[in-house]
Amino acid sequence: MKRVLTIQDISCLGKCSITVALPVISAMGVETTILPTAVLSTHTMFKNFTVKDLTDQLMPIVEHWKNENVTFDAIYTGYLGSAEEIDIARRVFEMFGSKDTMVFIDPVMADNGKMYPAFDESYAALNAKLCGCADVIVPNITEACFMTGTEYRESYDESYITGLLDKLRTLGAKTTVLTGVSLSAGKTGVMGYDGARGEYFTYQNDRVDASYHGTGDIFSSVCVGALLRGMELREAMKLAADYTAETIRVTLQNPAKPWYGVDFETTLPLLTDAVRNLN
Ligand code: PXL
């Protein structure tokens, strides 16, 4: 069984970061090791959340693993809380990286044109540098703008997206995928540059008119699971985009849905089915 290390926070309530990555990737038949950067009472879209920073625990934990000769097929980073944690992520890539280890970075820090609380432009610059270590990066348009110094636009055309992709490519990641890209009315999905094939690709599905917290983490977790189960990049992106859209659709039908996240628990069997016949 493939093994991934994911580095992100634990938001105890909120259906994001590790509380999504662990069930989603596990359901896809991939062992998931966690390196929790902080414990928060909720994600940061709630008011008055608590935070216990775990930065001082991170190196002792990974050094223990190193002494146990643990190896990872992939390292997946999501929400990292500080400059120091970005630096630790880089050290973990150096300690556990090899030519066979996929480094997958979701530079979580912003959405809808704005930074999340706790982040600023200098954090974006550090995240941009970290992205240079990756095999695959999956920023949304807002994160891509902050990392490349590009003006954020609500409405855009394909040339704005390819322009952003070209700027992102200069950061150094092999494959660059922009998420939340809507190339025509009623559609949304991804547009990326596949470094292995040297070409752009797009995948668009029907837009569901609702925006939920944690859906970026679901998308990334499915990509990581699918890639580790041997799916091609495009297939993995399609599965992740379709699964995320279907989960939002299912959530909208639940009259008792929580406001803070989606009902991925209901749709997890789709992922198990999708990987059932893979090696
Ligand atoms: O879903 C991204 C995310 C992860 N972790 C925390 C967050 C957010 C987004 O706001 O606040 C703590």
Side-chain angles (χ1 to χ4, degrees), residues 4-25 32 34-55 57-58 75-86 88-89 104-121 123-124 126-127 130-131 134 136-147 152 177-180 188 190 208 210-225 240-241 243-245 247-248 251 257-265 267:
V4 58
L5 166 62
T6 186
I7 313 177
Q8 37 189 330
D9 69 280
I10 297 178
S11 291
C12 298
L13 174 79
K15 304 201 198 199
C16 69
S17 43
I18 284 180
T19 66
V20 161
L22 199 47
V24 166
I25 303 175
T32 309
I34 62 168
L35 186 61
T37 53
V39 180
L40 293 85
S41 53
T42 62
H43 60 56
T44 61
M45 297 296 121
F46 282 79
K47 283 194 199 118
N48 305 322
F49 54 87
T50 68
V51 186
K52 173 68 180 167
D53 183 84
L54 298 177
T55 306
Q57 297 297 305
L58 304 182
I75 304 173
Y76 155 37
T77 64
Y79 185 103
L80 302 169
S82 64
E84 208 180 339
E85 283 168 5
I86 289 184
I88 290 174
F104 185 105
I105 298 183
D106 184 354
V108 178
M109 64 187 148
D111 204 1
N112 301 312
K114 284 203 239 57
M115 284 274 181
Y116 293 144
F119 299 136
D120 59 17
E121 306 232 341
Y123 184 80
L126 294 172
N127 243 339
L130 187 70
C131 282
V136 184
I137 60 171
V138 290
N140 61 33
I141 295 176
T142 307
E143 289 156 349
C145 286
F146 278 117
M147 290 197 294
Y152 174 78
V177 180
L178 267 172
T179 62
T188 192
V190 300
V208 189
S211 148
Y212 278 105
H213 212 68
T215 49
D217 300 336
I218 290 177
F219 176 87
S220 293
S221 300
V222 176
C223 287
V224 168
Y243 175 75
T244 306
T247 302
I248 297 173
T251 305
K257 57 184 168 288
W259 66 267
Y260 51 77
V262 287
D263 289 349
F264 70 90
E265 299 86 347
T267 49

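Atoms within a ligand are numbered from 1 in the order they appear, just like the ligands themselves.
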Nearest protein heavy atom with distance in Å, relative to [atom]:
atom	answer
atom 11 (O) of ligand 1	T44 OG1, 2.6 Å
atom 9 (C) of ligand 1	H213 NE2, 3.0 Å
atom 3 (C) of ligand 1	Y79 CD1, 3.6 Å
atom 1 (O) of ligand 1	D217 OD2, 2.7 Å

Nearest option to atom 12 (C) of ligand 1, as decided by whichever heavy atom of S11, C16, G81 sits closest: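 It is S11 that holds the nearest heavy atom.
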Report, in ascending order of atom number, the atoms of ligand 1 lying under 4.0 Å from any heavy atom of [X].
X	value
Y116	9 (C), 10 (O)
V108	2 (C)
D9	4 (C), 5 (N), 6 (C), 12 (C)
L40	12 (C)

Considering all heavy atoms of both residues, which atom of I18 and which atom of P23 are nearest to each other, and what is their separation?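 For I18 and P23, the tightest heavy-atom pair comes out as O-CD, 3.9 Å.
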Taking all non-hydrogen atoms of both residues, which atom of N127 and which atom of M147 are closest, and how far apart?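 The pair with the smallest heavy-atom distance is C-SD, 3.9 Å.
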Closer than 4.0 angstrom: is that true for some heavy atom of G216 and an atom of ligand 1? no
Checking contacts here: is it the side chain or the backbone of M45 that comes within 4.0 Å of ligand 1, counting heavy atoms only? Could be both or neither.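 Just the side chain.
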Derivation and outcome, salt bridge (charged side-chain N to carboxylate O under 4.0 Å, His left out), residues K15 and D217: CA-CA 9 Å; K15 304 201 198 199; D217 300 336; over 6 Å; no
Parallel, tilted or perpendicular for F104 and Y76, by the 30°/60° rule?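 Rings of F104 and Y76: perpendicular, as their planes differ by over 60°.
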Parallel, tilted or perpendicular: which fits the ring planes of Y260 and H43, with parallel below 30° and perpendicular above 60°? perpendicular
Could you check if a side-chain atom of M45 sits within less than 4.5 angstrom of a side-chain atom of Y116, using non-hydrogen atoms only?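 In contact.
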Spacing of E143 atom CD and C131 atom SG [to the nearest 0.5 Å]: 9.0 Å
Hey, mind stepping through F119 and Y79 against ring pair (Phe, Tyr, Trp, His ring centres under 6.0 Å) and telling me if it holds? CA-CA 11 Å; F119 299 136; Y79 185 103; 5.3 Å; yes
